[in-house]
Amino acid sequence: RDRAPAGLLLYNRALLASAGVAEPKKIWSWGDFRRACRAVARANLKDVKPVALNLYPYSVFTWLYQAGACIVSPDGSISVDSPEAAEAIDFLLGLWREGLSERPDPADDDSLAQFISGRVCFAFATFYTLGTCVRAEGLDWGIAPPLRGRVHACSCLPTFVALSSRTAHPEAAWAWARFLALEG
């Protein structure tokens with residue numbers, strides 16, 4: 001319960017219009033997103049970067065899921081050493097290497113502040129940060145459908161599940177917990 005989507009793609013309508021990019025009303029592929037970022041960069045908007053990336057786990061998980069990576073192996077251990085995980089990381093690093101984003105700092109995420117101040121056209125956020133955007137005066141913004149990498153996906157903020165040691169159905173409870181972790 002209470003699973004909030006993460007990795008929501010926010011966009012600044014005025015900056016998109018200035019760059020001649022249509023609002024993302026349909027699902028964008030990673031290629032579509034990169035092309036939009038490049039168009040914003042070509043527009044030479046003063047002091048504006050196309051995108052602010054953050055490396056908080058909920059955002060990175062979204063990229064991994066879109067690449068088709070599984071972050072929890074069948075034995076329950078964390079594993080991000082698949083070719084799909086490498087593809088997602090390469091894509092993110094490519095945005096930075098192309099100059100489409102400032103270098104993301106996992107210890108200091110100011111992507112939402114950059115977005116609200118108009119210093120970036122795109123940012124990734126959680127459901128919980130949308131209220132900050134709603135209250136930002138003069139900010140004309142929207143939320144795009146989650147991007148499509150190999151798959152169309154977004155992640156959810158972590159929700160913890162406790163299983164009672166006295167549950168009447170321990171095998172079913174663990175099967176449910178594994179399902180949530182691997183597929184849910």
Side-chain angles (χ1 to χ4, degrees), residues 1-19 21-30 32-34 36-37 39-41 45-67 69 71-72 78 80 85 88-89 91-96 98-149 151-161 180-181 184:
R1 63 173 268 179
D2 299 332
R3 298 172 122 217
L8 300 172
L9 176 57
L10 308 180
Y11 59 92
N12 181 308
R13 286 188 171 107
L15 295 176
L16 273 184
S18 294
V21 177
E23 290 184 35
K25 298 297 185 187
K26 66 175 185 73
I27 296 171
W28 278 359
S29 68
W30 285 7
D32 296 330
F33 177 66
R34 178 177 270 145
C37 288
V40 171
L45 305 172
K46 184 171 173 48
D47 299 321
V48 172
K49 282 283 190 188
V51 62
L53 299 174
N54 73 58
L55 296 179
Y56 282 179
Y58 55 78
S59 290
V60 174
F61 289 167
T62 299
W63 291 103
L64 293 171
Y65 295 149
Q66 289 176 2
I71 63 169
V72 180
I78 301 298
V80 291
I89 292 165
F91 182 83
L92 289 170
L93 289 175
L95 294 172
W96 167 64
E98 274 191 62
L100 302 174
S101 170
E102 295 294 331
R103 183 180 183 148
D105 181 351
D108 184 27
D109 174 30
D110 69 343
S111 58
L112 188 63
Q114 290 181 51
F115 179 73
I116 290 171
S117 69
R119 295 188 322 246
V120 297
C121 185
F122 297 106
F124 294 88
T126 67
F127 176 82
Y128 299 110
T129 58
L130 298 182
T132 305
C133 293
V134 169
R135 291 186 297 276
E137 287 191 33
L139 180 63
D140 187 16
W141 60 285
I143 303 173
L147 299 174
R148 179 184 293 277
V151 297
H152 178 69
C154 73
S155 63
C156 295
L157 289 176
T159 298
F160 297 92
V161 176
L180 289 176

Trainee: Taking atom CG of Leu92 and atom OG of Ser59, what is their separation to the nearest 0.5 Å?
Mentor: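 The distance works out to 9.5 Å.
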Trainee: For Ala153 versus Gln66, what's the shortest heavy-atom pair and its separation?
Mentor: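 It is O-NE2, 2.8 Å.
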Trainee: Show the nearest heavy-atom pair for residues Gly118 and Val48, with the distance to one decimal.
Mentor: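 Closest pair (atom of Gly118, atom of Val48, distance): O-CG2, 3.5 Å.
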Trainee: Filter on salt bridge (Lys or Arg N to Asp or Glu O under 4.0 Å), then keep only pairs touching residues 118-140, sequence neighbours left out; what's left?
Mentor: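 The answer is Arg13-Asp140, Asp110-Arg119.
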Trainee: About how many Å separate CG of Leu112 and OG of Ser117, when rounded to the nearest 0.5 Å?
Mentor: 9.5 Å
Trainee: Determine which pairs satisfy salt bridge (Lys or Arg N to Asp or Glu O under 4.0 Å) with at least one residue from residues 122-132, sequence neighbours left out, and list them in order.
Mentor: none
Trainee: Which of these, Leu15, Leu130, Leu16, sits in a side chain to side chain contact (heavy atoms under 4.5 Å, CB included) with Trp141?
Mentor: Leu130
Trainee: Less than 4.5 Å apart, any side-chain heavy atom of Val151 and any of Tyr65?
Mentor: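 A side-chain contact is absent here, since even the closest heavy-atom pair is not under 4.5 Å.
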Trainee: Let me confirm one number: the OG1-CG distance from Thr126 to Leu10, rounded to the nearest 0.5 Å.
Mentor: 9.0 Å
Trainee: Heavy atoms only: give me the nearest Gln114-Val120 pair and the separation to one decimal.
Mentor: OE1-CG1, 3.2 Å
Trainee: Which residues pass the salt bridge (Lys or Arg N to Asp or Glu O under 4.0 Å) test with Glu102, sequence neighbours left out?
Mentor: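 Not a single residue meets the salt bridge (Lys or Arg N to Asp or Glu O under 4.0 Å) criterion with Glu102.
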Trainee: I need the Thr129 OG1 to Leu8 CG distance, nearest 0.5 Å.
Mentor: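 One finds 7.5 Å between OG1 of Thr129 and CG of Leu8.
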Trainee: Could you grab the distance from atom CG of Leu147 to atom CZ of Phe122, nearest 0.5 Å is fine?
Mentor: 9.0 Å
Trainee: How far apart are the closest heavy atoms of Ala69 and Ala85, and which atoms are they?
Mentor: CB-N, 3.7 Å
Trainee: Show every salt bridge (Lys or Arg N to Asp or Glu O under 4.0 Å) that has at least one partner inside residues 47-67, sequence neighbours left out.
Mentor: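 Sorted result for residues 47-67: empty, none.
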Trainee: Does Leu93 have any side chain to side chain contact (heavy atoms under 4.5 Å, CB included) partners at least two apart in sequence or in another chain, and if so, which?
Mentor: Ile89, Trp96, Arg97
Trainee: Taking all atoms of both residues into account, what is the closest heavy-atom pair of Leu139 and Cys133, and its distance?
Mentor: CD2-O, 4.1 Å
Trainee: Starting at CG of Asp109, measure out to CG of Leu53 and round the result to the nearest 0.5 Å.
Mentor: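 If we round to the nearest 0.5 Å, Asp109:CG and Leu53:CG are 9.5 Å apart.
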Trainee: Could I get the full list of ring pair (Phe, Tyr, Trp, His ring centres under 6.0 Å) partners for Phe124, not counting sequence neighbours?
Mentor: Phe33, Trp63
Trainee: Mind listing the closest non-hydrogen atom pair of Pro24 and Ala144 along with its distance?
Mentor: CG-CB, 3.5 Å
